[in-house]
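See below for the structure under consideration.
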Amino acid sequence: MSTNINLPPQLEVIDRPLDTQMTISMGPQHPSTHGVLRVELVLDGEMVVKATPDIGYLHTGMEKLFEYKKYQQGIVITDRMDYLNPLGNNLAYVMAAEKLLAIEIPERAQTIRVLFCELQRIASHLVWLGTHALDIGAMTVFFYCFREREKILNLIEAASGGRLTPSYFRIGGLMMDLPAGFESRVKQFLDGFPSALKDFQKLLTGNRIFQKRTQNVGRISGPDAIDWGLSGPCLRGSGVQLDIRRANPYTGYEKYDFEIPIEHDGDVWARYLVRLSEMKESQKIVTQALSRLRPGPVKADAPKVVLPDREAMKQHMDALIHHFLIVAEGFDVPAGEVYHPIEASKGELGVYIRSTGGPKPSRVHFRGPSFVNLSALPDLAQGAMIADIVAIIGSLDIVLGEIDR
Amino acid sequence: MSIITDVIQSTKAIIQGMGVTLSYIPKRKWTVQYPEEPVTVQPRYRGQHLLHVDENGKEKCVACFLCAAACPSECIYIIAKDDPRSPAERTGVDERFAEVYNIDYGRCIFCGYCVEACPKDAITHGYNFELSVYNRADLLKTKTDLLITTQLQSKNYRVAFSDEDVDSEYKEV
């Protein structure tokens with residue numbers, strides 16, 4: 001036990017001798033820390049005096065790995081960072097690379113990207129909702145959430161072939177066009193989704209037990225949230241209306257009509273309500289994206305960057321040469337540096353790429369929303385009860401794959 | 001709020017929640033009883049690789065190493081060989097072929113880059129996903145394990161028709 005613990009100002013009333021305090025380690029095997037997160041808790045009775053997150057148990061050196069892979073090979077690494085939102089990660093990375101290459105993406109590819117990103121956002125929020133409710137003690141929601149997520153994963157599997165690691169977006173467009181009959185399948189999912197949402201609300205929103213566990217827990221004010229650098233639903237739960245899809249639109253989000261839900265309480269309950277409303281908004285965007293789908297190319301007209309059409313590759317010599325060159329040697333990206341932020345399901349996901357020319361980046365860095373949001377945990381947890389720690393960690397919606405990278 | 005109202009409201013919440021749960025009992029089930037029942041995979045599903053042969057039973061692979069170059073996890077190992085015999089005498093292979101074609105499934109990430117890279121459509125992703133082994137060395141699959149003519153297929157999957165909808169995975173009670 002350390003002896004020089006600084007009591008936070010709001011806890012000065014508990015003027016107890018230090019030997020009533022105890023340091024315990026929560027995690028890294030604790031099931032409610034959503035991965036291998038260890039939180040060092042200094043407790044006074046049941047009250048948390050200090051919480052220090054300890055990360056790095058899942059460090060895989062992904063950012064360094066980018067420097068040894070060609071630009072197109074980097075896409076598969078991004079899948080594995082925030083594994084609940086792989087298509088969002090794909091999008092951030094390919095859009096940053098496209099910014100450097102100055103490629104124009106065809107309309108259809110952009111619409112499909114929006115469609116998948118929003119489906120993935122729903123899937124990510126569903127996992128959050130299920131596990132968050134499970135942490136707090138409501139088990140049923142977990143199964144229903146995973147059933148809905150399964151439908152989205154099937155859609156992603158139908159288009160890309162992968163369920164958890166789709167790598168569907170490529171630099172300059174998409175891996176391939178949508179399969180036949182895809183639109184009707186998405187419609188089918190959208191038809192069933194509102195009733196599932198209604199079930200979640202019946203199980204949780206009106207549930208007094210859930211309300212008592214979440215209301216007035218882990219409060220953070222709007223200015224504080226900005227100071228901590230929170231983004232995404234955590235920031236909007238504190239009454240700050242900031243969404244990159246609206247503030248700095250990309251992939252044509254400016255053409256879609258959607259609301260940015262905000263709540264003003266800044267507690268776990270507010271963040272729950274924001275995410276639930278966000279799922280409804282995402283559903284609206286998916287519906288609009290479906291109606292915007294027009295036939296057309298899904299790959300940009302950049303023969304030195306984008307793999308040629310398979311039929312063209314088998315018939316035309318120049319296409320075959322480009323195919324061999326892109327696969328074997330990669331493509332040259334002009335020197336320069338670029339930062340591209342997108343609104344991932346957890347907040348602002350930014351990709352920084354520095355290129356010195358050549359087929360491999362010289363540095364890739366990710367601004368992971370989970371990492372920044374977790375940094376506010378000490379502030380949120382101060383003065384909370386130990387039982388509320390799981391609720392607070394759950395409400396931040398962290399994925400350790402993205403935090404440790 | 002008093003304890004009594006809390007107790008009443010909590011009880012109400014539990015009853016309401018149980019109502020939702022009970023309403024699901026007569027509905028269709030989503031759970032698949034794998035492995036008693038096959039799992040449905042989508043046509044584009046990326047499973048264990050298949051090395052294809054052409055209509056004459058000849059291996060399509062010409063050992064151009066493009067799949068190995070495209071692979072982000074560097075799991076493909078090829079040794080190329082030239083067959084000097086005349087086309088009439090050759091059986092089963094092309095003029096240039098892969099003498100050794102290994103995929104290390106301990107490294108493979110099933111990204112599909114090798115399939116995209118192959119100019120001859122010689123390698124594709126099959127649907128086999130049951131790849132667990134007792135010995136780590138067994139994860140290294142050789143050409144015999146990969147060739148479409150010799151690969152052992154699991155009975156535990158079913159490929160959805162390309163226009164089949166999501167709900168095909170629902171099964172009636």
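Every chain is numbered from 1 and lettered A, B, ... according to where its sequence line falls, protein lines coming before strand lines.
- Heavy atoms closer than 4.5 Å to chain A are found nowhere in B/F65, neither backbone nor side chain.
- Contact tally against chain B (heavy-atom pairs below 4.5 Å) for A/M175, A/K70, A/R80: the top residue is A/R80.
- When each of B/A69, B/P72, B/C71 is scored by its heavy-atom pairs under 4.5 Å with chain A, the top score falls to B/P72.
- Only the backbone of B/V115 comes within less than 4.5 Å of a heavy atom in chain A; its side chain stays farther off.
- No side-chain donor from either of A/Q188 and A/R185 sits under 3.5 Å from a side-chain acceptor of the other.
- Here A/R163 pairs with A/E150 in a salt bridge; the nearest charged N to carboxylate O distance falls below 4.0 Å.
- Using bins of under 30°, 30° to 60° and over 60° for the plane-to-plane angle, the ring pair A/H132/A/F210 lands in the perpendicular bin.
- There is no contact between A/L65 and chain B, counting heavy-atom distances below 4.5 Å.
- Aromatic ring pairs are classed by plane angle as parallel below 30°, tilted from 30° to 60° and perpendicular above 60°; the pair B/H125 and B/F110 is tilted.
- For the 3.5 Å distance criterion, the side chains of A/D79 and A/N89 fail to qualify, holding no donor opposite an acceptor.
- The choice from A/H323, A/K202, A/R310 that makes the most heavy-atom pairs within less than 4.5 Å of chain B is A/R310.
- Proximity to chain B (any heavy atom under 4.5 Å) is shown, for A/Y68, by neither the backbone nor the side chain.
- Proximity to chain B is limited to the side chain of A/K69, based on heavy atoms less than 4.5 angstrom apart.
- With a 4.5 angstrom heavy-atom cutoff, B/Y113 touches chain A only via side-chain atoms.
- A salt bridge does not link A/K299 with A/D309: none of the charged nitrogens is closer than 4.0 Å to a carboxylate oxygen.
- Side-chain rings of B/Y105 and B/H49 approach one another, their centers coming within less than 6.0 Å.
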